[in-house]
Amino acid sequence: MSDVCKIELAGQTYELPVITGAENEKAIDISRLRQETGYITLDSGYGNTGSTESEITFIDGEKGILRYRGIAIEELAEKSDFVETSYLLIHGVLPNQQELSAFRDQLTYHSLIHEDMLRFFDGYPPKAHPMAILSSMVCSLSTYYSDSLDPNNIGQVQSIVPRILSKLRTIAAYSYKKSIGQPVIYPKNNLSYCANFLHMMFAVPSESYEVDPELEKTLNMLFILHGDHEQNCSTATVRIVGSSDANLFASISAGICALWGPKHGGANQAVIEMLETIHKGGGDVKEAMRRAKDRRDPFRLMGFGHRVYKNFDPRARVIKAACDRVLSNLGVQDPLLDLAKRIEEEALSDSYFLDKRLYPNVDFYSGILYRAMGIPTEMFTVMFALGRIPGWIAHWVEMKKNQERIGRPRQIYQGATNTSYIPIQERS
Ligand code: ACO
């Protein structure tokens, strides 16, 4: 017998259907609530609100489980590469050899951006944040594909998906090159997706540059771990923007802006800045703890806490485990890694963090790896964005396929009631 939810409002009983997910998660379907009762629900921050049914990613925040299309993130991080995982997220199944080769080719042959776009970079001030550049460049990219912007035309959408995946990587690397005054390095078709990015980031025209396989492997792993995370702030943004029939470029551009905030993807940059400040101040972990716990102090332990994970973030586990191995393979010694471990140890034996169930999230250790790879701190959130593109695309495509209605939350108005206009000379 299927569950039903009974609610009583103003003396009347209503029955609401209960939806059960593939992993036995339960939801009360309130889609007819307002129509039948005149009431809406109020849920600031949407902590209790499911906005959609989705087949892409499953998270169990209590058990620390994260799976893309049913496959555990730990397994993908170990066995897959970013291109294959992107295919999985977007198309729903692992590709066969032929499909994978075709997908790789598409990403390889759509990597260049229109030469005119190179001039756009010159318009930004030297200290422009690369997230601002990335977001505006993606939107600008749409102007070169004006005949492929119909969000309801599957053929057009399929033609721009590999272009977005491939060109954003080029734009990100170019924005870095421009920020340090070096000439841009064009993509090379003989390199893999991740190696090509590293080449565009670190090669210079005056000498040859071999991509270190350790860097390539680590980047694949980091991008896979960031690939999707169901209805987080940026993905929900991409879906809601797309629900207005805005094109895929515009929707992803909005997602990049949402990701930029330090409470979301911007936390990876904030973590390293926090660790640097604590390190420069003598490495006083106890003082950092004291400040993080003080409600009057706006300081938070960046990289700690998560809306969904109340046990541990499985991505953080994989990254932490990789830190020692990768740093040692690259011959890098970073005092910030020791500091991060000391902070984690201190926090996980402190009742404030234990009681509130605050554990390291994906951003706590990722910056240590990016630093060791030579990625500058301001680029960290861009790296997150590059990893998240397949997830954003997968959700956008799913939303279109399901023909979801335009996203439009309601509110409870608490402002002034009917008031007359007062001419300016009569106002006090
Ligand atoms: N340091 C200190 N206290 C914290 C922290 C932290 N990092 N995170 C949460 N808390 C406290 C809050 O002050 C709050 O305390 P209260 O109950 O006494 O008011 C309680 O824990 C619950 O926190 P909320 O902010 O209500 O939890 P929410 O689910 O809304 O926010 C968030 C989650 C935004 C991730 C939060 O934990 C945070 O700001 N963390 C630091 C930033 C960060 O690392 N963001 C990356 C998240 S992962 C990602 O987006 C990729």
Side-chain angles (χ1 to χ4, degrees), residues 42-49 57 59 61-62 64 66 68 73 131 222-238 255-278 285-320 336 340 342-370 377 380-392 395:
L42 193 58
D43 184 21
S44 159
Y46 307 122
N48 306 279
T49 299
T57 288
I59 302 177
E62 296 297 323
L66 169 60
Y68 299 160
I73 190 71
M131 284 297 271
L222 284 165
F223 278 175
I224 289 171
L225 293 175
H226 287 87
D228 190 42
H229 214 236
E230 49 115 305
Q231 310 307 320
N232 56 85
C233 179
S234 56
T235 304
T237 300
V238 169
I256 292 169
C257 290
L259 186 74
W260 191 2
K263 284 187 179 171
H264 191 16
N268 58 11
Q269 175 173 344
V271 168
I272 289 295
E273 287 166 353
M274 174 191 79
L275 292 174
E276 275 170 344
T277 309
I278 298 172
V285 170
K286 292 222 183 306
E287 171 61 8
M289 291 293 144
R290 190 198 57 71
R291 288 192 61 197
K293 293 189 284 184
D294 183 352
R295 297 196 84 180
R296 291 159 306 172
D297 190 328
F299 176 82
R300 277 188 169 199
L301 204 52
M302 299 313 286
F304 261 75
H306 198 275
R307 172 64 62 79
V308 182
Y309 294 119
K310 298 301 173 194
N311 188 336
F312 64 89
D313 180 336
R315 303 165 299 176
R317 268 204 177 161
V318 176
I319 296 176
K320 185 185 174 190
L336 297 194
R342 279 206 290 136
I343 289 176
E344 181 186 350
E345 209 176 291
E346 191 73 26
L348 298 188
S349 58
D350 188 310
S351 59
Y352 174 93
F353 290 90
L354 292 174
D355 293 349
K356 293 185 191 298
R357 307 179 74 187
L358 304 170
Y359 292 85
N361 59 48
V362 66
D363 294 318
F364 193 63
Y365 285 104
S366 63
I368 307 262
L369 281 183
Y370 285 134
T377 314
F380 287 3
T381 315
V382 168
M383 304 302 289
F384 192 148
L386 293 182
R388 186 52 59 88
I389 300 165
W392 288 332
H395 280 274

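Given the structure is predicted, the values throughout are model-derived calculations rather than measurements. Computed from heavy atoms alone, side chains included, the values below leave out hydrogens, waters and symmetry copies. For reference, positions follow the sequence shown, starting with 1. As the structure lists them, so they are numbered: ligands from 1, and atoms in each ligand from 1.
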Practice task
Answer whether the closest heavy-atom distance between the side chains of F364 and K320 falls below 4.5 Å.
Solution key: no
Exercise for the section: Could you tell me whether the side chain of L301 reaches within less than 4.5 Å of the side chain of R291, counting heavy atoms only? Expected result: no
Exercise for the section: Compile the protein residues with any heavy atom at a distance under 4.0 Å from an atom of ligand 1; present them by chain, then by number. Expected result: P262, K263, H264, A267, A292, R295, R300, L301, M302, G303, F304, G305, H306, R307, Y352, K356, L358, N361, V362, D363, F384
Exercise for the section: Mind checking salt bridge (charged side-chain N to carboxylate O under 4.0 Å, His left out) for D355 and listing every partner two or more places apart, or none if nothing turns up? Expected result: none
Problem - H264: partners by ring-ring contact (aromatic ring centres under 6.0 Å, His included), with sequence neighbours left out - result: none
Practice task
Classify the ring geometry between F353 and F304 as parallel (under 30°), tilted (30 to 60°) or perpendicular (over 60°).
Solution key: perpendicular
Atom pairs and distances, side-chain donor-acceptor, residues 384-391, under 3.5 Å, sequence neighbours left out:
residue: R388; atom: NE; partner: H226; partner atom: O; Å: 2.6
residue: R388; atom: NH1; partner: N232; partner atom: OD1; Å: 3.4
residue: R388; atom: NH2; partner: H226; partner atom: O; Å: 3.3

